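Working notes, structure below.
Fair warning: this is a prediction, and the values are worked out from it, not measured in the lab. Lettering follows sequence order; numbering is per chain, from 1.
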Amino acid sequence: MAGFIARRVLLVLPSLLGLLVVTFLLIRTVPADPAVALAGDNATPEQIEAIRRQYGLDQPLLVQFGRYLAGVARLDFGASQFSGRPVAADIAQRLPATLELTFAALLIGAGLGIPLGVVAAMNHNRWPDFLLRILSVGGIAIAAFWLAIMLQLLFAMQLGWLPLRGQLSVGLTPPGGPTGFLLLDSLLHGRLDILGDALRHLVLPAVTLSVGGLATIARFTRAGVLDTLQKDFVLYERAVGFPRRRMVWIYVLRNSVVATVSQIGLLFGSLIAGAVVVEAIYDWPGIGSYTVQAILTADAKVMLAVTLLVGVIYAAVNILTDLALALIDPRIREGR
Amino acid sequence: MTVPALAITGLRVGIRSDEGMARILDHIAFSIAPGCILGVVGESGCGKSTLIRTILGILPPAAEIVAGSILFEGEDLRAFSEAELNRAVRGSRIGFVPQDPYLALNPLFTIGAQLLEVMRWHAPGERRSHSTRLVELLRRVQLPDPEAALARYPHQFSGGQRQRLLIAAALACSPRLVIADEPTTALDVTTQQQILRLLRELVDELGIAMLFVTHDLGVVAELCDEVSVIYAGQTVESGPTAAMLDRPLHPYTRALLACHPDRSEGFTGIPGAVPSPLRAPPGCRFAPRCAGARPACTGRSPAPQWPEPGRSVDCILYEAKAAA
Amino acid sequence: MLVLRKFLRDIPAVIGAVIILFVVILALFGPWIAPYPEDASASHLLRRLKPPSAAYPFGTDNLGRDILSRVILGARGALKVALVVVGLAMAIGVPLGLLAGYERGVLAEAIMRVTDVFLALPQLILALALAQLLGPSVESAMLALTLTYWPFFTRIVHAETQRLRNALFIDALQGIGAGTPRILLLHILPNILSPIIVRATIGLGFTILVAAVLGFLGMGATPPDPDWGLAVAQSRTYLPNAWWFATFPGLAILIAVLGFNLLGDGLRDLVDPRLRRSR
Amino acid sequence: MQITRRQGGALAMASLLAARGVRAATPGVLVRSDSPPANLDPHQLFDVPMMGYALNAYDGLYRYENNPPELQPWLAEGHTASADGLEWEFRLRPEVRFHDGAPLTAEDVVYSFRRVLALGKAPASAFLGILKPENVTAPDARTVRFRLERAYGPFLAAIPIVAIVNSRLVRANEKDGDHGAAWLAGNEAGSGAYAFVPGSLTTLERLDMARFEGHFLGWSDNPSPVPRIAVRAAKETSTGVLGLLNGSIDWTDSYLPTDQVEQIQGSRVAQVAKDVSMRTFIIRMNNARAPFTSLNLRKAMAHAFNYDGFIQEILKGYADRNAGPIPNQLWGAPKDAPGYAYDLDKARHFLKLAQAEGFNPRQQIRIHIQSQLEQTNQAAQLFQSDLQSIGVNLRIVADTWANIVSATAKPETSPDMWIHWVSTYFVDPENWVGQMYDSRFHGTWKASSFYRNEKVDALLQRARGLVAQAERAPLYEEATRQVMADCADIWVYNTVELRGLARRLSGYRFCPAGGGAEMRWLQMKG
Amino acid sequence: MTPILEVQDLSVSLGGRRRWLGRSIPPVQAVRGVSLAVAPGEVLGIVGESGCGKTTLGRTILGLQRESGGEILLDGKRVSGLAPQAARRVRNSIHYVHQDAGAALDPWWSIGRTLEEALAIQGIGDRPARVAEVLAAVGLDAGAARRYPHELSGGQLRRVALARILALRPRVVILDEPTSGLDMSVQAMVLTLLRDLRVRYGLTYLFISHDLSVVRRFCDRVAIMYLGRVVELAPTAEVFAAPRHPYTRSLLEAAPRLTGRRAAEAAPLAGEPPSAARLPPGCAFAPRCARSSAACRAEDPALALRDGAEVACHHPLERAMA
């Protein structure tokens with residue numbers, strides 16, 4: 001298994017390099033000039049020129065890319081051209097928030113989507129199926145930020161059950177280190193008050209982010225279960241009087257989730273796009289809003305780093321997906 | 001006389017389709033005594049699998065039993081609720097050996113997990129004692145290395161081994177009847193021979209009854225004590241194997257035997273095709289293909305006749321003989 | 001006929017078909033249906049942000065335009081974005097997936113690596129670059145969406161083709177000397193339609209929504225286009241007061257996407273030969 | 001009950017919150033929902049979020065206070081300037097201490113100015129051409145001397161831009177000759193009324209500040225100052241407004257959409273502060289490229305914008321018509337210049353003249369808007385709708401700030417038209433007419449009209465070289481009149497800044513420079 | 001008389017992948033040194049249990065699988081050593097009928113289109129007439145052309161599969177398990193049809209099957225395969241009357257017969273064939289063979305002519321035995 005992971009990691013490297021090249025070229029074709037922003041609103045043309053020189057923006061593309069790669073090889077992603085702060089530090093600070101949010105959303109999506117998919121499939125072409133299909137498809141179609149604001153109005157304003165925005169109440173200070181993940185850190189520090197507060201803050205954003213994925217997961221699960229129900233072993237299991245509930249929820253489901261698991265891998269890939277809106281509305285201090293900021297300010301260093309990050313996450317999730325599939329299916333485990 | 005393990009009379013099963021209710025099984029009748037193997041022979045589409053699903057109570061949603069009785073050790077299975085069937089009949093008092101050992105086992109679970117699950121469900125008790133019993137059974141069905149087998153996955157066994165596993169599973173809860181659905185069609189001849197021999201031994205040893213569904217007359221000849229021939233959802237002839245192979249009564253049985261390469265030098269077939277049960281002809285369903293058909297054959301279904309002790313035949317020819 | 005009857009029994013799919021039909025009618029005849037067709041570009045300062053009333057059933061927007069009219073007029077654009085993006089993504093992704101799934105060796109490997117690169121490419125960053133290169137417009141947003149969506153098709157088609165590559169009927173075709181293009185286009189493609197349809201219908205909704213986000217970031221649809229996504233994005237400034245401004249265009253998106261997805265699911269069940277067998 | 005008059009379920013829901021809101025407030029902490037700066041170093045950035053931070057964490061030699069703004073001595077007690085305007089001396093206040101307790105000396109001031117110049121970023125703009133680092137000196141511990149390369153009228157006006165940093169602290173954290181830029185980007189070395197709480201920063205999202213007891217001004221004038229400030233950026237307006245209504249946010253940015261004002265005013269926990277600012281709203285025209293090389297066309301456009309409609313209906317009156325480039329209340333703005341009025345007949349008239357010169361009305365004119373700023377979009381759409389009625393084809397291009405300002409580097413790439421505000425960075429006409437219409441600034445976004453008039457260039461050049469306001473004012477007025485006559489751009493309004501404030505706050509002071517972000521005057525109940 | 005098809009010392013290895021990093025998968029020797037010659041008009045049966053390499057042999061002769069060693073001669077001309085597409089071009093007088101006729105048809109295509117397609121691929125004109133002719137030849141009515149595979153019965157599908165290649169006018173037809181999965185009544189008709197077609201179109205058959213009773217009645221000669229090797233090759237009557245190879249005998253005895261139970265007869269062959277990936281040294285059948293000796297486990301016997309039959313065994317059964 002270690003060999004399998006090592007092999008996959010090595011295979012990923014060329015793709016990541018390709019990703020960097022593509023992104024670098026793309027971003028450098030953008031005429032937006034960070035020097036203008038750095039020089040401020042009262043800049044003189046001479047000042048802009050000087051800043052451009054200072055940041056090496058007047059160098060040939062190849063030189064710039066070479067320098068950048070040399071930095072990346074040392075895990076130095078440079079400084080943001082907009083804020084001057086080291087990109088790696090900013091990302092390290094924000095990534096845990098996004099991962100926590102995404103993971104929570106995925107948990108909700110899978111936790112609800114898989115059962116809904118199973119129930120729909122078990123009632124194929126009957127009312128529960130119809131209803132669940134319409135509801136789950138509605139999840140894909142709902143505009144996330146509209147839903148977000150409605151949830152805010154209901155749960156934060158009207159009912160007052162959950163906080164409106166943010167990751168933590170103003171009075172509380174994150175416990176700090178060692179992982180950077182708020183939930184994990186507060187647990188490690190034994191700060192259950194912070195954990196509880198952070199969880200309360202997590203609910204609305206995670207639910208909002210989960211609806212799209214939930215629908216996708218439900219659909220693929222439904223298709224998978226329908227497919228599995230056609231299999232001979234299901235007939236056999238019925239013929240020998242398998243306990244029905246266990247048959248469906250354990251024996252059939254495990255065979256059906258293969259496609260779903262691959263879909264979850266792909267869902268993770270579109271993390272940034274989905275997180276943008278949700279992070280903006282709930283003021284979640286994550287990667288999504290950081291990316292938007294970088295795009296609006298044409299901050300090449302940040303965009304490159306984010307791209308690379310998404311690439312790495314994508315690759316990691318793919319490897320994890322393969323591992324998950326190997327866990328589910330012994331035949332894959334044996335490399336057949 | 002002992003109570004038959006299974007006695008089916010006048011069974012009729014209908015299925016709802018766009019064109020209304022169709023009889024996919026129609027006046028099926030046979031019985032099996034304990035310690036006896038009954039071969040149910042029929043060509044594809046004759047309703048063999050519907051018959052099995054009817055007995056086990058796992059018909060598809062669109063199908064239902066319209067008439068007849070299924071007496072299992074004297075109890076009418078039709079009176080059982082779904083929960084009772086699931087708990088006390090399927091997999092416990094009636095064992096099942098499926099057709100295709102390659103597909104019938106869930107590929108993602110170990111043999112032990114799957115088989116013990118069934119055993120625990122039907123016979124609550126110690127996990128340890130279940131697995132001890134299962135290992136014993138696996139040894140009995142001559143599966144190599146039975147202890148290790150429980151921790152292995154289906155794909156790690158050959159077809160023959162998997163069929164042995166499934167036979168062991170069918171016997172796990174000490175059934176009184178085992179239904180075997182063409183259990184050797186997916187196997188090679190040498191393996192088939194081994195399995196058939198094993199089944200015979202087990203039936204003789206345990207005194208259980210077996211319903212052996214097949215299309216292969218050769219297999220029937222080798223294995224079964226009694227035969228019941230089904231055509232297009234109707235029982236056409238039943239009786240002891242040897243007698244039936246020697247002197248088939250029904251024109252269909254005769255034609256079928258004549259097709260067998262061991263019997264005929266040329267290649268004779270039966271003209272026409274098995275009708276779809278959804279569009280079965282009226283009267284005797286074999287009439288359109290029968291060389292000796294008379295106008296009366298299409299008028300009504302023939303009533304069963306007993307021209308010899310232990311043999312029944314559903315053909316108008318014998319009605320005439322009986323009348324005469 | 002049997003197919004049609006089966007389809008009609010699938011109530012969600014029928015609902016989906018009705019919705020799509022409705023949307024298509026709006027797209028084709030919107031200017032004749034909308035009560036205030038001039039509100040595509042006009043502005044009426046004196047009736048800004050009015051709540052729904054008899055005259056303006058969906059209320060008015062930030063420039064006093066009838067939201068109902070703009071929702072009706074927006075159908076065309078929404079349909080265009082969704083269909084063009086998914087169509088183009090399929091046109092790129094499906095052939096590549098077929099090729100990579102059928103052939104073995106360097107070419108297949110190269111296609112899949114490139115696919116991975118594009119799958120990992122953040123949509124927003126690509127959209128920005130394209131908006132700059134080609135000028136910010138719906139067209140560049142559509143291109144950006146296309147470029148990030150085709151790999152989904154490649155992945156699925158690749159996996160399905162690999163599965164089918166060893167099917168007996170493909171073997172038989174090779175046996176009678178059929179060439180690769182024939183096998184891929186005439187035989188494999190129709191047989192893998194069902195996952196493609198699922199992916200495409202998911203894509204339709206996804207596209208409309210992401211296009212809205214792009215529009216808001218200045219890389220997509222441009223005012224005064226009666227674009228649903230843009231309206232939803234613009235309404236943010238006025239929430240929670242002017243709830244109607246976000247709600248009705250949002251509902252329009254929801255219903256249209258719902259329509260596509262329900263129809264897609266229905267079609268999928270219909271063309272899936274495995275499901276075709278059952279019942 | 002103002003709220004119940006409004007229809008709509010969402011509002012009813014939101015309004016129910018007012019009562020709960022009181023409980024949502026955090027005792028002893030003021031929660032700001034405007035954005036913290038991207039970087040904490042006041043010498044690297046100079047924008048609205050930075051001012052919102054630096055005005056509290058740092059002090060300058062002088063500071064703008066009140067509205068209209070007055071330049072007040074701050075760390076300096078006063079200054080002297082030579083008659084030729086080249087030599088400036090500032091006398092420092094005694095006993096000023098930084099947050100770490102170190103005393104302020106002239107050396108800190110010298111270091112701060114030299115550092116600004118060496119970094120060369122936004123805060124350096126006003127000084128780069130006129131001040132060499134070696135010419136900032138400290139004759140003694142309480143005196144700082146500047147020797148300018150040439151006389152520069154706005155010099156004093158720009159002095160508040162430079163925050164004075166604790167030089168020992170920053171020097172101690174210099175690395176590879178970066179002037180401590182990396183360190184200060186995430187730390188603080190100031191003397192201001194509030195001190196940054198270390199470890200509380202998430203860039204662009206959150207930071208905390210605590211009151212600095214030892215601030216040189218003392219706190220005797222403020223009986224209940226705010227003990228702690230939590231900056232928690234709310235990126236969506238709706239979140240900020242909802243937070244204000246439920247009491248979890250005490251202070252929003254000062255750009256509340258006018259459509260939100262009524263609802264907030266009706267709330268029991270919050271209100272809106274409305275202050276006339278010096279922030280002009282402008283529709284730019286690219287004078288250097290056809291078709292806007294035509295004065296007649298520019299005039300036609302200027303007459304086609306519905307100023308009153310925009311201000312009264314869309315902005316609900318929360319803006320003042322500002323017919324020229326300089327904010328009305330600032331000196332240098334010609335009081336008598338009439339400007340352009342909304343008059344479609346006149347617009348048609350000038351359009352005909354422009355057509356006679358060769359303008360083809362079918363030609364599409366592209367106006368770039370900043371999509372995140374809804375108002376630019378509304379203005380463009382309103383404009384588009386009027387222009388359509390006189391037969392001009394305006395196409396709106398949604399765009400980003402970064403993209404537009406990059407495009408404005410050259411007249412060929414600069415948009416036909418675009419919309420933006422000009423904020424107050426230093427209170428001097430130079431901030432507006434000087435940097436916008438002097439051709440030496442071509443290549444910066446502020447000069448993106450590419451207006452060129454040698455007479456104006458000369459007037460502005462002269463005004464820049466003088467020190468006395470009385471001498472400079474007529475020159476700026478004349479230049480402004482000329483620019484207006486040439487109809488270089490379409491000047492729309494001067495902003496009324498709208499800031500949501502919790503009712504538990506009082507003592508709010510607004511100043512156009514810094515937008516009221518200085519917190520030391522605020523008093524807080526609970 | 002030149003054999004129409006000749007195979008000399010043919011070997012085929014399947015699978016086997018060298019992976020970059022990680023374990024490589026060794027190839028499986030599916031066919032090991034098989035030599036056969038088929039005379040024009042002959043029906044040569046190839047019999048063996050699953051995994052014995054009979055299907056691989058057929059696919060290799062057809063050209064879909066590339067051989068790893070040995071020669072294939074068609075009309076005495078060498079046609080081996082080619083990549084699949086090229087191989088199919090030079091061997092287009094050989095055609096193949098799949099075991100699962102239904103799965104060998106594209107479910108999306110009507111029968112008529114499928115048949116016409118075969119002609120189109122081969123560039124043959126006058127398609128409707130040719131399609132009508134072959135449909136008639138295999139005993140299907142013209143209406144079948146409009147139907148889809150899932151609407152047809154197993155027997156009908158076999159006919160369609162035959163029609164499809166008959167349209168291409170083959171000379172050698174490889175029939176892969178042409179009767180498996182068919183009911184007895186249908187099987188007989190398919191065999192009758194095959195016999196008629198052979199006469200009518202002058203075909204030569206390579207008849208791959210595991211069904212001994214069918215082979216016995218249909219084939220002129222039989223080759224028995226075990227784990228990639230031909231272990232016995234002789235005229236059909238000889239093989240059934242007096243099998244020489246112990247495996248052949250076991251196979252014959254295992255086949256169920258209508259004559260009824262033979263409980264007392266020789267015990268069934270024990271165990272199952274070893275995996276082709278892990279062949280024992282020497283004779284592959286030795287571990288299951290009652291007659292095996294040290295020599296069997298040391299040396300793999302070659303196929304040699306003994307008393308008119310070719311047998312690969314160190315201890316063949318005597319003629320008189322059976």
Side-chain angles (χ1 to χ4, degrees), chain C residues 38-53 59 61-65 124 127-129 131-138 140-141 212-227 229-231 233-247, chain D residues 6-15 235-239 241-242 245 256-260 262-264 306 308-310 312-314 316 366-386 388-389 394-404 406-407:
Chain C
E38 70 280 5
D39 279 10
S41 61
S43 56
H44 312 282
L45 296 181
L46 293 177
R47 52 174 215 228
R48 295 181 63 241
L49 297 175
K50 295 280 181 256
S53 63
D61 70 3
N62 58 339
L63 287 171
R65 300 172 297 205
L124 293 177
L128 168 86
Q132 310 281 2
L133 271 179
L134 310 172
S137 64
V138 197
S140 36
V213 175
L214 290 182
F216 190 72
L217 292 175
M219 304 160 201
T222 313
D225 290 353
D227 183 88
L230 198 62
Q234 285 177 349
S235 71
R236 299 203 281 191
T237 315
Y238 309 100
L239 284 171
N241 284 10
W243 54 272
W244 57 91
F245 191 5
T247 303
Chain D
R6 297 290 295 253
Q7 308 272 308
L11 179 61
M13 266 190 250
S15 62
K235 296 183 190 70
E236 292 289 322
T237 307
S238 63
T239 311
V241 170
L242 291 179
L245 291 175
L256 272 183
T258 52
D259 296 282
Q260 303 280 10
E262 190 185 344
Q263 184 187 1
I264 297 168
N306 187 349
D308 284 348
F310 189 62
Q312 294 310 321
E313 298 303 328
I314 291 182
K316 309 224 161 133
R366 295 158 68 98
I367 186 164
H368 287 236
I369 60 168
Q370 302 175 53
S371 344
Q372 286 75 53
L373 301 173
E374 178 58 17
Q375 224 187 88
T376 64
N377 171 21
Q378 288 174 314
Q381 291 195 52
L382 178 66
F383 203 13
Q384 183 185 48
S385 151
D386 276 315
Q388 201 170 34
S389 70
L394 186 70
R395 176 166 166 218
I396 300 173
V397 180
D399 213 338
T400 61
W401 172 257
N403 191 23
I404 299 175
S406 302

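Here D:Arg395 contributes atom CZ and C:Ser137 contributes atom OG; the two are 6.5 Å apart, rounded to the nearest 0.5 Å. Taking CG of C:Leu230 as the start and CG of D:Asn377 as the end, the distance is 7.0 Å to the nearest 0.5 Å. Rounding to the nearest 0.5 angstrom, the gap separating the CZ atom in C:Arg48 from the CD atom in D:Gln378 is 5.0 Å.
Residue D:Ile369 touches chain C through its side chain alone, counting heavy-atom pairs closer than 4.5 Å. For C:Arg47, no part sits under 4.5 Å from any heavy atom of chain D, backbone or side chain. Both the backbone and the side chain of D:Ser238 come within contact range of chain C, with heavy atoms under 4.5 Å apart. Neither the backbone nor the side chain of D:Asp386 comes within contact range of chain C; no heavy atom of the residue lies under 4.5 Å from a heavy atom of that chain.
Listed here is the closest heavy atom pair of D:Asp259 and C:Leu49: OD1-CD1, 3.3 Å. In terms of heavy atoms, C:Ser43 sits closest to D:Gln381 at OG-O, 4.2 Å.
The existence of a salt bridge linking D:Glu236 and C:Arg236 is confirmed by a sub-4.0 Å separation between a basic side-chain nitrogen and an acidic carboxylate oxygen.
When D:Gln260, D:Arg366, D:Gln312, D:His368 are compared by the number of non-hydrogen pairs under 4.5 Å with chain C, D:Gln260 comes out ahead.
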Does D:Ile314 form a side-chain contact (heavy atoms from CB on, under 4.5 Å) with C:Leu63? I'd like the steps, not just the answer. CA-CA 8 Å; D:Ile314 291 182; C:Leu63 287 171; 3.5 Å; yes
